[in-house]
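Here's the structure, in C-alpha cells; my notes come after.
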Amino acid sequence: MTMKKITVVGAGHVGATTAQRIAEKELAREVVLVDILEGIPMGKGLDQTQSGPVEGFDSRVIGANDYGAAKGSEVFVVTAGIPRKPGMSRDDLVKTNADIVKSVSQEIKKVAPKSIIIMVSNPLDVMAWVAKEVTGFPRERVIGMAGILDTARFRAFLAEAIDVSVEDIQAMVLGGHGDSMVPLISYTTVSGIPVTQLIARDKLDAIVERTRKGGGEIVGYLKTGSAYYAPSSGAVQMVEAIVRDKKRLLPCAAWLEGEFGLSGLFVGVPCKLGAGGLEKVVEIELTKDEQAALEKSADAVKKTWEVVTL
Ligand code: APR
C-alpha cells in the first residue's frame, strides 16, 4: 500500500529527515516538503530524490514555499517551528510556535480538508490542539507524536542495560512530552518477561529518570538544536501505520474524551492507528501511582496551554 501524496511541513532537521525516511519506505509516490525558507525545501527535495536510484526508491520529494503542491495530500507531518532564541521565555516560544502552527493548519484545511495531521512541533500536546481547533478536524485526524519517541529512548536504554535486542523490549511511555511523562513499568517486558525480573529496581529507576530527560541530554550535546533522528523515526512509524492500515498500538498524543478520566486535552495514551488515523484510544488498567502520574502530567500540559490564545 502506498499513498499518492504525503506532505511534510518544515524542512529543518526533523522535517527533512522525515521526508527522506518516507521516501525510502515508499510510503507515498510524492513527498512534498514545505518551508518558508527560500530554496531550502527545493534543494533538499532534489537531493533526496536523487538518492532514490541508489537507495532503490521511486518516491519523489518535491520542495515548495507554498501549499499548491500539497493539494490533496492524504497525510501531513507538521514540524514547522522556531527553536528557542537567547532571551526568549518558554511562554514566548509557545506563542510563536502556536502562531506558526495556526497558519500552517489554515493552509492544510484549504488544500486537504480530508487529510490526517501528525503533529511534531513542540510543545506538541498544545500544538496538536491548535491544529485541531483551527482545522476543525475530528480527533481521528489530528494526532501528536511524542510517546513513540519517549518509548524508543526508554527501550534503547533498557536494551543496552539488559544486553538484549532493542526489538525484544516492549514498553509504553504515556503522558505529556516533558519531565512529567509516565513510563509504565508494569507493562514493560522483554519478549513478554516482566522487565523487573531482568534488571534491578535502582537501575530501572535511573533509566526512567534518564528517559524523562532524554531530549535535554541531546540538546546538551547539540547546543544549537534538538534531537531529530529518533523524532523523525517516531513520526514515520505513525505515517506507516496509517498508510499501510496496520492497526498498530502505539503511544501517541490523542484528544481525550473521558478516557483515563481525562477530557478536553491532548495527552499521550495507547492509540490504535490505521487507515482512519486514530481508530481507538485503548484504555488500559493503570496502577494508582501511574494514574496519579498521568493526571499530574495532564496538569503540566494544561499549564503550558494557558498562555496560548488563537
Ligand atoms: N511554515 C513552514 N515552515 C516553517 C514555518 C512556517 N510558517 N515557520 C518556520 N518554519 C520552518 C523553519 O524555516 C525551519 O526550516 O520550520 C523548520 C524547523 O526546522 P529546525 O529549526 O531545524 O527545527 P527541527 O529540529 O526540525 O524541529 C522542528 O520539531 O521536534 C520538534 O521541538 C522540535 O518544534 C521543533 C520541531
Side-chain angles (χ1 to χ4, degrees), residues 90 120 122-125 144-222 226-235 237-238 248-254 256 259-262 265-271 281-304:
R90 216 184 129 72
V120 183
N122 271 316
L124 95 314
D125 305 284
M145 193 296 296
I148 298 173
L149 168 63
D150 296 328
T151 303
R153 288 182 174 144
F154 190 44
R155 291 170 66 198
F157 296 147
L158 282 172
E160 194 183 346
I162 303 171
D163 193 24
V164 291
S165 165
V166 289
E167 290 182 63
D168 292 331
I169 312 261
Q170 293 84 34
M172 282 253 177
V173 177
L174 306 187
H177 187 45
D179 293 354
S180 65
M181 67 180 73
V182 188
L184 298 181
I185 305 292
S186 56
Y187 290 99
T188 305
T189 72
V190 182
S191 291
I193 305 161
V195 72
T196 44
Q197 290 186 23
L198 299 173
I199 187 168
R201 191 68 210 204
D202 58 333
K203 278 197 185 149
L204 188 55
D205 289 344
I207 286 175
V208 166
E209 205 40 39
R210 191 174 175 199
T211 302
R212 285 190 207 282
K213 305 209 160 89
E217 184 178 359
I218 291 170
V219 171
Y221 286 117
L222 297 180
S226 49
Y228 52 101
Y229 293 112
S232 78
S233 294
Q237 187 167 56
M238 291 172 70
R248 291 213 58 179
L249 221 92
L250 299 165
C252 306
L256 296 186
E259 295 89 352
F260 297 96
L262 298 166
L265 84 166
F266 274 90
V267 79
V269 289
C271 294
V281 171
V282 181
E283 281 197 271
I284 54 172
E285 270 178 38
L286 298 180
T287 64
K288 258 198 185 135
D289 286 352
E290 287 165 349
Q291 178 67 32
L294 186 63
E295 285 168 18
K296 206 173 138 207
S297 195
D299 286 341
V301 171
K302 280 188 201 150
K303 212 154 177 219
T304 317

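Predicted model only: the values in this text are computed from it and were never measured.
The structure places CD1 of I185 at 11.5 Å from CG of D289, a figure rounded to the nearest 0.5 Å. Within the model, atoms CG of L294 and CG of L174 stand 6.5 Å from one another, a figure rounded to the nearest 0.5 Å. Distance check: Y187 OH to E285 CD gives 5.5 Å after rounding to the nearest 0.5 Å. Here CD of Q197 is found 10.5 Å from OG1 of T189. Values are rounded to the nearest 0.5 Å. Put simply, CZ on R155 and CD on E167 are 8.5 Å apart, with the number rounded to the nearest 0.5 Å. Within the model, atoms CD1 of I193 and CD1 of I169 stand 10.0 Å from one another, a figure rounded to the nearest 0.5 Å.
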Working note: C271 + L250, criterion side-chain contact (heavy atoms from CB on, under 4.5 Å); need CA distance, chi angles, decisive distance, verdict. CA-CA 5 Å; C271 294; L250 299 165; 5.8 Å; no
Please walk me through it: do D125 and T304 pass side-chain contact (heavy atoms from CB on, under 4.5 Å)? CA-CA 9 Å; D125 305 284; T304 317; over 6 Å; no
Quick one: do E259 and V269 satisfy side-chain contact (heavy atoms from CB on, under 4.5 Å)? Show the steps, please. CA-CA 9 Å; E259 295 89 352; V269 289; over 6 Å; no
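When side chains are defined from C-beta on, I284 counts as touching L184, because their heavy atoms get closer than 4.5 Å.
With sequence neighbours left out, the side chain to side chain contact (heavy atoms under 4.5 Å, CB included) criterion links T188 to F154, L158, A171, V195.
Heavy-atom neighbours of Q291 CD from other residues, nucleotides or ligands within 6.0 Å: above the threshold of 12.
Between the E290 side chain and the T287 main chain, a donor and an acceptor come within less than 3.5 Å of each other. S297 places a side-chain N or O within donor-acceptor distance of the main-chain N or O of S180, the cut-off being under 3.5 Å. No donor-acceptor distance shorter than 3.5 angstrom exists from the side chain of T151 to the backbone of M172, with no hydrogens or angles considered. A distance-only check finds a donor-acceptor pair linking the side chain of R212 to the backbone of M181 [under 3.5 Å].
Ion pairing of R201 with D205 is present here, as a side-chain N (NZ or NE/NH1/NH2) and a carboxylate O approach within less than 4.0 Å.
There is a side-chain donor-acceptor pair under 3.5 Å between H177 and D150.
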